[in-house]
Amino acid sequence: MANKKNLSEMSFLDHLEELRWLLVRSTTAIIIMAFLTYFISDYLFDVIIFGPTRPTFFTYQFFCELSHKLGFAENICITEMPFIIQNTQMEGQVNVFVWMCILAGFILSFPYILWEIWKFISPALYEKERKNAKVFIFVSSLLFFLGVTFGYFVVIPMSVNFVATFTVSDIVKNQFTLESYMGMVKTSILAGGLFFELPIVIYFLTKLGLVTPRFLRKYWKYAVIIILIVAAIVTPPDVVSQTIVAIPMLLIYELSIFISVLVYKKQNKLENV
């Protein structure tokens, strides 16, 4: 079997075969979890996916209570969502149902996908590094789920609140299509989950010598500007909301620099031994 061969004995085609089976097993896991999601689809759509469209959503209530305690303006509290979501295509709801189940399947099977990725890259690592599989999967999964949570409880409600209350004229009424709303949900959740994987990506890029702490520090100010722009786009036009979104993203970038420093120092120490 190809996966039992020594790394030096594996040809390019062997690696492609391993990659093919990685994709097959990962896809199978996603499909299985998506199928299981079918049995809780009512809860998935009514409570989770469409939760941010209701004024009673946790995030809106939290910021409303926080505004009272801090003495902010009452307009932070949301009492209604002045829009409706409509389906404009015959197969629209079917497509949305399938793709959202697949998205849920991907999120739920993410730790297993990480395990498959780890098995694929582990032959290129030292024996000591291979023993850290559990740590890699746990930390990567934790960061991903934190990113998904951040996207769901922070980015989505703030985006919904902004687009629902923004209007060029009182004559125009907001009637969003089901596809546009679901697209925003998928983008926010996946972007949040993948962005929080930045420390893991930086870890491997630093080990490969493609990124250094000096490089990350050099472009720190540009990263801050990009993060602030993203925060300004996905949040209402107020400083509080933008800060709430920007701070976790900045902390993730700082964590990435810290990890890069640790890996860089360790590699230099090994080279000097």
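- When every heavy atom of S141 is checked against every heavy atom of L114, the shortest pair comes out as OG-CD1, 3.4 Å.
- For an aromatic pair to be called close, the ring centres must be under 6.0 Å apart, and F204 with F136 satisfies this.
- Rounded to the nearest 0.5 Å, atoms CD (E91) and CG (N95) are 5.0 Å apart.
- Residue pairs meeting the side chain to side chain donor-acceptor pair (under 3.5 Å) criterion with at least one partner in residues 188-197, sequence neighbours excluded, do not occur; the list is empty.
- Judged by distance alone, the side chain of Y112 and the main-chain N or O of I30 form no donor-acceptor pair under 3.5 Å.
- Applying the side chain to side chain donor-acceptor pair (under 3.5 Å) test to every pair with at least one member in residues 214-231, sequence neighbours left out, gives these pairs: W220-E254.
- With side-chain heavy atoms closer than 4.5 Å counting as contact, directly or through intermediates, I31 stands alone and belongs to no larger hydrophobic cluster.
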Requested in this report: Take M182 and W99 through the side-chain contact (heavy atoms from CB on, under 4.5 Å) test and state the conclusion after the steps.
Outcome: CA-CA 9 Å; M182 291 301 178; W99 282 109; over 6 Å; no

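- Of the inter-residue distances, the one linking K134 atom NZ with W118 atom CH2 reads 13.0 Å to the nearest 0.5 angstrom.
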**Report entry** Residues V148, L190; criterion side-chain contact (heavy atoms from CB on, under 4.5 Å); working and verdict
**Finding:** CA-CA 7 Å; V148 169; L190 286 178; over 6 Å; no

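- I257 CD1 to I202 CD1: the interatomic distance, rounded to the nearest 0.5 Å, is 8.5 Å.
- Taking NZ of K186 as the reference point, atom CD1 of I156 lies at 12.0 Å (rounded to 0.5 Å).
- Not one N or O on the side chain of Y253 forms a donor-acceptor pair closer than 3.5 Å with the backbone of V224.
- Listed by chain and number, the hydrophobic cluster partners of I247 are L251, where partners are ILVMFWY side chains within reach of under 4.5 Å, directly or through others.
- Rounding to the nearest 0.5 angstrom, the gap separating the CH2 atom in W21 from the CG atom in L16 is 14.5 Å.
- Under the 4.5 Å side-chain criterion, counting only non-hydrogen atoms from C-beta, F63 is in contact with M158.
- Note on V263: it clusters hydrophobically with V135, by side-chain heavy-atom contacts below 4.5 Å among ILVMFWY residues.
- Under a hydrophobic clustering in which Ile, Leu, Val, Met, Phe, Trp and Tyr are joined whenever their side-chain heavy atoms come within less than 4.5 Å, directly or via other members, I85 and I189 fall into the same cluster.
- Side-chain heavy atoms closer than 4.5 Å link hydrophobic residues (I, L, V, M, F, W, Y) into clusters, and following such links, possibly through other members, connects L194 to I200.
- The heavy-atom pair separating S140 from F110 by the smallest distance is O-CE2, 4.1 Å.
- No single ILVMFWY cluster, assembled from side-chain heavy atoms under 4.5 Å apart, contains both L198 and Y264.
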Query raised in the report: Can you list the steps and then say if M81 with I78 is a side-chain contact (heavy atoms from CB on, under 4.5 Å)?
Result: CA-CA 8 Å; M81 287 293 185; I78 299 173; 4.1 Å; yes

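- Side-chain contact check for T177 and T88: no donor-acceptor pair (N or O, by modelled atom type) lies under 3.5 Å.
- Aromatic rings of Y152 and F57 (six-membered ring for Trp) have centroids within the 6.0 Å cut-off, being under it.
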Requested in this report: Could you walk me through whether Q86 and Y181 pass side-chain contact (heavy atoms from CB on, under 4.5 Å), step by step?
Outcome: CA-CA 10 Å; Q86 58 181 342; Y181 176 76; over 6 Å; no

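- Within the structure, the salt bridge (charged side-chain N to carboxylate O under 4.0 Å, His left out) test picks out the following pairs touching residues 92-116 (sequence neighbours left out): R25-E116, E116-K119.
- Side-chain N or O atoms of S159 include one that pairs as donor or acceptor with a backbone N or O of V155 at under 3.5 Å.
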Kindly list each side-chain donor-acceptor pair under 3.5 angstrom involving residues 40-55, sequence neighbours excluded, with atom names and distances?
| unit_1 | atom_1 | unit_2 | atom_2 | d |
| --- | --- | --- | --- | --- |
| S41 | OG | Y38 | O | 3.0 |
| T53 | OG1 | F50 | O | 2.5 |
| R54 | NH1 | D46 | O | 2.7 |
| R54 | NH2 | D46 | O | 2.9 |

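- Distance check, rounded to the nearest 0.5 Å: OH of Y203 to CG of L255 gives 13.5 Å.
- Across every non-hydrogen atom of L216 and S256, the tightest pair is CD1-O, 4.2 Å.
- A centroid separation of less than 6.0 Å is found between the aromatic rings of F176 and F83.
- When hydrophobic clusters are built by joining Ile, Leu, Val, Met, Phe, Trp and Tyr residues whose side-chain heavy atoms come closer than 4.5 Å, directly or via intermediates, I117 is grouped together with F120.
- For I227 against A246, the heavy-atom pair with the smallest separation is CG2-O, 3.9 Å.
- Across F145 and I107, no two heavy atoms sit closer than the pair CE2-O, 3.4 Å.
- Looking at T212, its side chain does come within 3.5 Å of a backbone N or O of F215 through a donor-acceptor pair.
- Aromatic pair F150/F196: ring centres closer than 6.0 Å.
- Nearest heavy atom pair, residue N174 against residue V163, reads ND2-O, 3.4 Å.
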